[in-house]
Amino acid sequence: MSLRFFNTYSRQLEDFEPRDPASRKLDIYTCGPTVYSRAHIGNFRAYIFEDLLQRHLELRGYKVHRVMNITDVDDKTIRGAREAKIALQKFTEQFKQAFFEDIETLRIKRADEFPSATDQRYIDRMIEMINTLVSRGLAYQAEDKSVYFRINKFPDYGKLAHFDLTQLQSTGRVKHDEYDKEHIGDFALWKAWDEEDGDVAWESPWGRGRPGWHIECSAMATALLGDQIDIHCGGVDNIFPHHEAEIAQSEGVTGKKFVRYWLHCAHLLVDGQKMSKSLGNFYTLPDLLKKGYTGRDIRYALMRVHYRAPLNFTWEGMEEARQALARIDEWLVRLRETAGDKIDNKNVDLELGQQFEEALDDDLNISAALGFLFESIRETNRAMDRGELDAASAKAWLNWWERVNSVLALEIETAVVLPADVAQLAEQRENARREKNWKRSDELRDRILELGWETRDTKDGQKLAPHVKV
RNA sequence: GGCGGGGUAGCCAAGUGGUAAGGUCGCGGUCUGCAAAACCGCUAUUCGCGGGUUCGAUUCCCGCCCCCGCCUCCA
């Protein structure tokens, strides 16, 4: 089966074919964070979806070039910097740092480029694009000195969101400059400076000001990836107006179809409502780490539901993630033991089926893919229980897992080294057990547990594992 | 009101015109001196509701209900 994705533009599943299939190269542009505060895990759901997409495309042999922008100038960043009484750049820098820490914790592959909106190179590009739009009559400078996109001149405007422009209703979320714009739907390309902006301003043919939000993505995407890109992703809330505006701006300048496949991720909900900063119902990564969950627990919890379905965040879901991962961990330990000295044999051939990647081919059907993984785990465990899995087969499964894990990125970090004091207590306990001194053995078990290690008495003797606090 | 997404077991969730994957919880078993952990097994006569098409519908069609989102700077 070939790869297929649900394209927001057509609202249909489409077979995937990049611009240049022969080269196996493709470009992805993804909308990144606005760095005015720490991103919340709802934001990361989108980034994890994009990571899954990239990793799966790579498993399928594509060379992915991905760009993720950083929005480091807008109303919120300016307000934040003013309140903190520090320069905009200094203010946003801390959240950029935090963002990079968080994506590392979540094992999200870094994009090839992380362009910032305030980079002079892109400011220049934005001005150049706006100039072209103005010269073509697609944009105009209004009374308030800001420059707006004239949506009536762009017939395709509204096609991505499937909106009828005459039906647009204000939600009151945004203040309108209704008196200055020709049409309520016209959006700002360049915002004229006002007092609130302080020293945040760039010179332009239209006077001092700053870029509108949408234009940065058009500028950075076309500057780094050219006039046409294969895949563009983001959260569903970006469909309108942001991505709609990007299409209008980019195509208004280049005259070419901007994006081949638009992929959008549904929201993370909490208590059945969208997780968002404005509602205040959000968690950040450090919030969850403080509760004892690891980056991969969170990765699993955010990844396990199909990207187009809403995902309700719950503590029960976090617990489920932790348990499911423990199951994978144990399976790998067993497989490695079974593989024995075949462990380094890279030549083990395997005919273990393609069901995992085939599920992902189908619009990233992660649930079906995980279903197949866990089925495989149960079957191999059963075989190992009976002693029917030979070393070569175990190694074959490990090789298979490597492929799977290149997409999931869920394998536990290399085993933690046993601290000396724990090792010593463990040895004493071994001795106590040999003498069948159960009282002493149990005491030592408690003391080892206090040090954060769990004792497991198996057929092959005592084993220790880090204790996960619940 | 317009445009989307979703409604399948206690919870999460896949799926197909032919009789419901998987995870988690719970229960039972194996192992153990006892535990814990792990592993194995069991757990939906039924897929929001009502019609229709069909030999057969959770799946297709029609109508309705509920939840969530977007409707001009939110991932």
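These values consider heavy atoms only, across backbone and side chains, with no hydrogens, waters or symmetry-generated copies. Below, chain A is the first sequence line, B the second, and so on; all start at residue 1.
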Rounded to whole Å, how long is the line connecting atom [atom1] of [X] with atom [atom2] of [N]?
X	N	atom1	atom2	answer
A:Arg447	B:rA36	CZ	C1'	19 Å
A:Arg11	B:rG5	CZ	P	7 Å
A:Glu379	B:rG22	CD	P	10 Å
A:Tyr307	B:rC68	OH	P	24 Å
A:Leu364	B:rA14	CG	C1'	15 Å
A:His162	B:rG69	NE2	C1'	16 Å
A:Glu244	B:rU72	CD	P	13 Å
A:Trp262	B:rC70	CH2	P	18 Å

Check: [X] side chain, [Y] main-chain N or O, donor-acceptor pair, under 3.5 Å:
X	Y	answer
A:Gln54	A:Arg66	no
A:Asn437	A:Arg440	yes
A:Asn381	A:Arg378	no
A:Thr30	A:Val67	yes

OP1, OP2 of [N] versus side-chain N and O of [X]: anything below 4.0 Å?
X	N	value
A:Arg456	B:rU32	no
A:Lys439	B:rG33	no
A:Gln323	B:rG23	no
A:Arg434	B:rG33	no
A:Arg304	B:rA13	no
A:Asn312	B:rC12	no
A:Asn365	B:rG15	yes

To the side chain of [X], which of [options] is closest?
X	options	result
A:Arg378	B:rA13, B:rG69, B:rG22	B:rG22
A:Phe240	B:rC70, B:rG33, B:rC39	B:rC70
A:Glu454	B:rA13, B:rA36, B:rG33	B:rA36
A:Pro310	B:rC39, B:rA14, B:rG5	B:rG5

Complement of [N], any strand, by Watson-Crick or G-U distances under 3.5 angstrom:
N	value
B:rU54	none
B:rC3	B:rG69
B:rA44	none
B:rG22	B:rC12

[atom1] gap between [N] and [M], integer Å:
N	M	atom1	value
B:rU43	B:rU54	C1'	33 Å
B:rC47	B:rG7	C1'	10 Å
B:rC31	B:rC68	C1'	47 Å
B:rU24	B:rA9	C1'	12 Å
B:rC62	B:rA44	P	33 Å
B:rU46	B:rU59	P	15 Å
B:rA36	B:rC12	P	28 Å
B:rU58	B:rU8	C1'	8 Å

Quick one: does [X] reach the base of [N] with a side-chain donor-acceptor pair under 3.5 Å?
X	N	result
A:Asp442	B:rG33	yes
A:Arg445	B:rA35	yes
A:Glu320	B:rG23	yes
A:Glu316	B:rG10	yes

Look at all strands and tell whether [X] reaches a base, only sugar-phosphate, or nothing, counting heavy atoms closer than 4.0 Å.
X	value
A:Lys76	sugar-phosphate
A:His264	nothing
A:Ala245	nothing
A:Arg433	base
A:Thr34	sugar-phosphate
A:Ile239	nothing
A:Thr71	nothing
A:Phe372	nothing
A:Leu268	base
A:Met384	nothing
A:Gly42	base
A:Asp74	nothing
A:Ala324	sugar-phosphate

- Message: Check for me whether A:Arg327 meets the cation-pi criterion with A:Phe374, that is, NZ or CZ under 6.0 Å from the six-membered ring centre and within 45 degrees of the ring axis.
- Response: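 A:Arg327 over A:Phe374 ring: no.
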- Does A:Trp315 have A:Lys291 sitting over its ring (NZ/CZ under 6.0 Å from centre, angle to axis within 45°)?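 Yes, A:Lys291 sits over the ring of A:Trp315.
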- Task: Determine the sole option in A:Asp186, A:Leu133, A:Val134, A:Ile215 for which the side chain to side chain contact (heavy atoms under 4.5 Å, CB included) test with A:Phe149 is passed.
- Result: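 When A:Asp186, A:Leu133, A:Val134, A:Ile215 are each tested with A:Phe149, the side chain to side chain contact (heavy atoms under 4.5 Å, CB included) holds only for A:Leu133.
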- Residue that, paired with A:Leu364, satisfies side chain to side chain contact (heavy atoms under 4.5 Å, CB included) out of A:Val407, A:Leu53, A:Leu263: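 Result for side chain to side chain contact (heavy atoms under 4.5 Å, CB included) with A:Leu364: A:Leu53.
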- Report yes if the side chains of A:Arg403 and A:Gln354 come closer than 4.5 Å at any heavy-atom pair, otherwise no.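 A side-chain contact under 4.5 Å exists here.
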- Message: Using heavy-atom distances to pick each residue's nearest nucleotide on RNA chain B, tell me which of A:His214 and A:Asp457 is more 5'.
- Response: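 Of the two residues, A:Asp457 wins.
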- Find which nucleotide of RNA chain B each of A:Ala368 and A:Tyr36 is nearest to by heavy atoms, and output the residue with the more 5' nucleotide.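 Of the two residues, A:Ala368 wins.
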- Message: Would you compute the distance between atom CZ of A:Arg4 and atom OH of A:Tyr261 and round it to the nearest 0.5 angstrom?
- Response: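 Taking CZ in A:Arg4 and OH in A:Tyr261, the distance rounds to 13.0 Å.
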- Message: Between the base of B:rG22 and the ring of A:Phe374 - centre-to-centre under 5.5 Å, planes within under 30° - is that a stack?
- Response: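 Aromatic stack with B:rG22 absent for A:Phe374.
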